[in-house]
Amino acid sequence: MSESDEDVSRAVASHTHLFPGAVLRTDLQSLRETSRLAIVFSDGSLSHAEIVSTTSGSRAEIALAVDSYRTAAGAIIPQKLWSIDEQLTDKEEEGILRVSAALPFT
């Protein structure tokens with residue numbers, strides 16, 4: 001089953017891979033309509049991800065489950081789960097998802 005453009009929000013990553021402090025810019029309106037993202041990295045590589053809820057101890061967190069992908073240089077980045085923080089920018093409806101930390105898959 002393929003994903004239609006209406007079912008996926010686009011996010012643009014600040015780098016070729018994610019790490020604590022990396023930034024994803026996305027349209028908050030489309031993100032309200034779907035939890036799935038198509039991430040375009042700075043080298044043009046693409047991965048898909050989903051925003052999920054996780055719990056850490058007694059605390060609920062928002063996390064990003066990112067599929068594995070290959071960078072333009074050929075490096076294979078494995079599937080990962082990242083905790084994220086959401087921020088608004090000065091531009092209306094643009095949001096920033098900032099990667100906080102890697103989380104274990106459960």
**Item:** Heavy-atom donor-acceptor pair, Ser83 side chain to Ala63 backbone, under 3.5 Å
**Value:** no
Using side-chain heavy atoms (C-beta onward) and a distance below 4.5 Å, is [X] in contact with [Y]?
X: Leu24; Y: Ile84; answer: no
X: Leu18; Y: Leu64; answer: yes
X: Pro20; Y: Trp82; answer: yes
X: Arg98; Y: Ser100; answer: no
X: Leu37; Y: Glu50; answer: no

Flag for [Y]-[X]: side-chain donor and acceptor within less than 3.5 Å:
X: Gln79; Y: Ser68; result: no
X: Thr16; Y: Asp43; result: no
X: Thr26; Y: Ser9; result: yes

**Message:** Walk me through whether Val52 and Leu81 qualify under side chain to side chain contact (heavy atoms under 4.5 Å, CB included).
**Reply:** CA-CA 9 Å; Val52 297; Leu81 184 64; 4.0 Å; yes
**Request:** Check the angle between the aromatic planes of His17 and Phe19 and answer parallel, tilted or perpendicular using the 30° and 60° thresholds.
**Result:** tilted
**Message:** Nearest 0.5 angstrom please: Leu97 CG to Arg25 CZ, how far?
**Reply:**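 One finds 10.5 Å between CG of Leu97 and CZ of Arg25.
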**Asked** CD1/Ile76 to OH/Tyr69 distance, rounded to the nearest 0.5 angstrom?
**Response**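 Here the interatomic distance stands at 11.5 Å.
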**Request:** Answer yes or no: is there an ion pair linking Asp27 with Arg10, defined by an N-O contact shorter than 4.0 Å?
**Result:**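 Answer for the salt bridge query: no.
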